[in-house]
Chemist: 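Take this structure, written in structure tokens, and hold onto it; I'll ask about it next.
Order of appearance sets the numbers: ligands from 1, and atoms from 1 within every ligand.
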Amino acid sequence: MSPTLNDVWYSNPRAREWTAAPSSRSVAAFHQSLNNYAPTPLIEVPSIASELSVGRVFVKDESSRLDLSAFKILGASWAVARALTDGDTPTSLAQVASGINREAPPTLIAATDGNHGRAVAHMAKLLDLECFIVIPRGVSDQAIDNVCGEGAGVEVIDGTYDDAVLRARDITHSITTSIHVQDMSWPGYEDIPQWIIDGYATMCVEVDQQLLDMGSAPVDLVAVPVGVGSFLHSVVSHYRGNALSRPVVLSIEPTAAACVLASLQHEELTSVDTGVTIMSGMNCGTPSSDSWPVHRAGVDAAIAISDDDTRAALATLHDLDIDAGPCGAATLAGVRSALQVPGSRFDMGLTQNSVVVLLSTEGRAANPFS
Ligand SMILES: Cc1ncc(COP(=O)(O)O)c(C=O)c1O
């Protein structure tokens, strides 16, 4: 039996009252020091605003972030920089590079659905380090080639994303000087995932400034694509911390892997069996353990969407000349689906004047689904 809209919807009216610890300003400064750093475009789409009956809609287009085709480098760069400087707050890549012990250089290890691994491999290349990436089944050849193209060694396993994380952990334990740079936490492995979450914050800092520069009111609804929920954690922390506004945060997952939705509905961290989806970056079965309490307290609404919903959103965005891959277009699909749920417009506080931001986290080059 296929799920009803109510099965795939969650809302928490108390979430906007929750307050997170203020985030650090040093991350944005570090990103600004990187070669080719520029804020990614925030594109206004009036036709989507009319369709959704809201005031203004903007797409944050991450298809060209720091020479890669997805946002993940924001987290990987900051986490690698902090890990290589023993948790210090570096201000430039040159400072990070100068601190590396070249007698016993570390190997960077990660598991990935594509984008995170490519970002870690890119950092290894910039810092002249070895890198090894584990990839689960179901990731496109293009995404695998993207990781190999950064010079990393790659192992593709016949298992899920969770299996790939375990394999990366084992490899890390077998190499003395290695560092596991994973974008999810588990008990006892928390520092690096937290630095990754801190790194993602640069995107929201840019959005807030761009809205101001474009004469817009602050954001009222921000739509976030979710895998293990580290990025969601970052967005919630930003908008429940020291940001100018407290928008509704909408979590969006594929029905094939809606582990954060299941956790919110069951009020406890819940793993799900994952299936097949074109949104491969979001195909994760277990929420990140340190992020889950932040989801529970600060996520206003959550929805799961089908691949067909995302295909329709991809078509809309491509017609508008916006370079979105499946995880990027998932946010438009998610808002569209959420608005089908009776009472959801009220739950999300949306009016004819609301400002909506869709975080489009990858371009087509990251994941040419087909
Ligand atoms: C393009 C893209 N968007 C969204 C996500 C979800 O991020 P998280 O796993 O932190 O929830 C990922 C994860 O890899 C991704 O690659």
Chemist: When you measure from the heavy atoms of Val226 to every atom of ligand 1, does any distance fall below 4.0 Å?
Modeler: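 Val226: in contact with ligand 1 (<4.0 Å).
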
Chemist: Could you check atom 2 (C) of ligand 1 against the protein and tell me its nearest heavy-atom contact, residue, atom and distance included?
Modeler: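 The closest one turns out to be Thr361 OG1, 3.4 Å.
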
Chemist: Among side-chain atoms of Thr316 and Arg336, is any donor-acceptor pair under 3.5 angstrom?
Modeler: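 Result is yes, a qualifying pair exists.
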
Chemist: Below 4.0 Å from any atom of ligand 1, is there a heavy atom belonging to Ala70?
Modeler: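 Flag not set, Ala70 not near ligand 1.
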
Chemist: Select one of side chain, backbone, both or neither to describe which atoms of Cys327 lie under 4.0 Å from any atom of ligand 1, heavy atoms only.
Modeler: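 The answer is the side chain of Cys327.
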
Chemist: Between Asn115 and ligand 1, which part of the residue brings a heavy atom under 4.0 Å of the ligand: side chain, backbone, both or neither?
Modeler: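 For Asn115, only side-chain atoms sit under 4.0 Å from ligand 1.
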
Chemist: Does ligand 1 have an atom under 4.0 Å from some heavy atom of Lys72?
Modeler: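 Under 4.0 Å: yes for Lys72.
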
Chemist: What are the atoms of ligand 1, with element, lying closer than 4.0 Å to any heavy atom of Glu362?
Modeler: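 Every atom of ligand 1 under 4.0 Å from some heavy atom of Glu362: 1 (C).
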
Chemist: Any nitrogen or oxygen of Cys284 lying under 3.5 Å from a nitrogen or oxygen in ligand 1? Just yes or no.
Modeler: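 Between Cys284 and ligand 1, no N or O pair is found under 3.5 Å apart.
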
Chemist: Looking only at protein heavy atoms, identify the closest one to atom 6 (C) of ligand 1 and say how far it is in Å.
Modeler: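 Ranking protein heavy atoms by distance from atom 6 (C) of ligand 1, first comes Gly227 N, 3.4 Å.
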
Chemist: Which of the numbered atoms in ligand 1 are below 4.0 angstrom from a heavy atom of Phe71?
Modeler: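 So the atoms of ligand 1 that pass are 2 (C), 3 (N), 4 (C), 15 (C).
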
Chemist: Suppose we call two aromatic rings close when their centres sit under 6.0 Å apart. Are Trp292 and His266 close by that rule?
Modeler: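 No, too far apart.
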
Chemist: So, do Val59 and Glu44 sit near enough that their side-chain heavy atoms are less than 4.5 Å apart?
Modeler: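 No, their side chains stay 4.5 Å or more apart.
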
Chemist: Is there a polar contact between ligand 1 and Gly281, counting only N or O atoms under 3.5 Å apart?
Modeler: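 N/O-N/O distance below 3.5 Å exists for this pair.
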
Chemist: Using 30° and 60° as the class limits, which term best fits the ring planes of Tyr200 and Phe71: parallel, tilted or perpendicular?
Modeler: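 Aromatic pair Tyr200/Phe71 classed tilted.
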
Chemist: Salt bridge check: are Asp183 and Lys72 linked by an N-O gap of less than 4.0 Å?
Modeler: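 So Asp183 pairs with Lys72 through a salt bridge.
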
Chemist: Using side-chain heavy atoms (C-beta onward) and a distance below 4.5 Å, is Val236 in contact with Val249?
Modeler: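 Val236 reaches Val249 side chain to side chain.
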
Chemist: Would you call the rings of His295 and His233 parallel, tilted or perpendicular, where under 30° means parallel and over 60° means perpendicular?
Modeler: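 Taking His233 first and then His295, their aromatic rings stand perpendicular (interplane angle over 60°).
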
Chemist: Short list, please: which atoms of ligand 1 are under 4.0 Å from a heavy atom of Ser230?
Modeler: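 Result: 8 (P), 10 (O), 11 (O).
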
Chemist: Measure Glu62 to ligand 1 on non-hydrogen atoms and call it side chain, backbone, both or neither using the 4.0 Å cut-off.
Modeler: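 It is neither; nothing of Glu62 touches ligand 1.
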
Chemist: Is the shortest distance from a heavy atom of Leu232 to ligand 1 less than 4.0 Å?
Modeler: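 The answer is no: ligand 1 sits nowhere under 4.0 Å from a heavy atom of Leu232.
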
Chemist: Applying a strict 4.0 Å limit to heavy atoms, is Pro225 in contact with ligand 1?
Modeler: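 Checking ligand 1 against Pro225, which is what was asked, there is a heavy-atom contact under 4.0 Å.
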
Chemist: Between the side chains of Asp300 and Tyr10, is a donor N or O closer than 3.5 angstrom to an acceptor N or O?
Modeler: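 No.
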
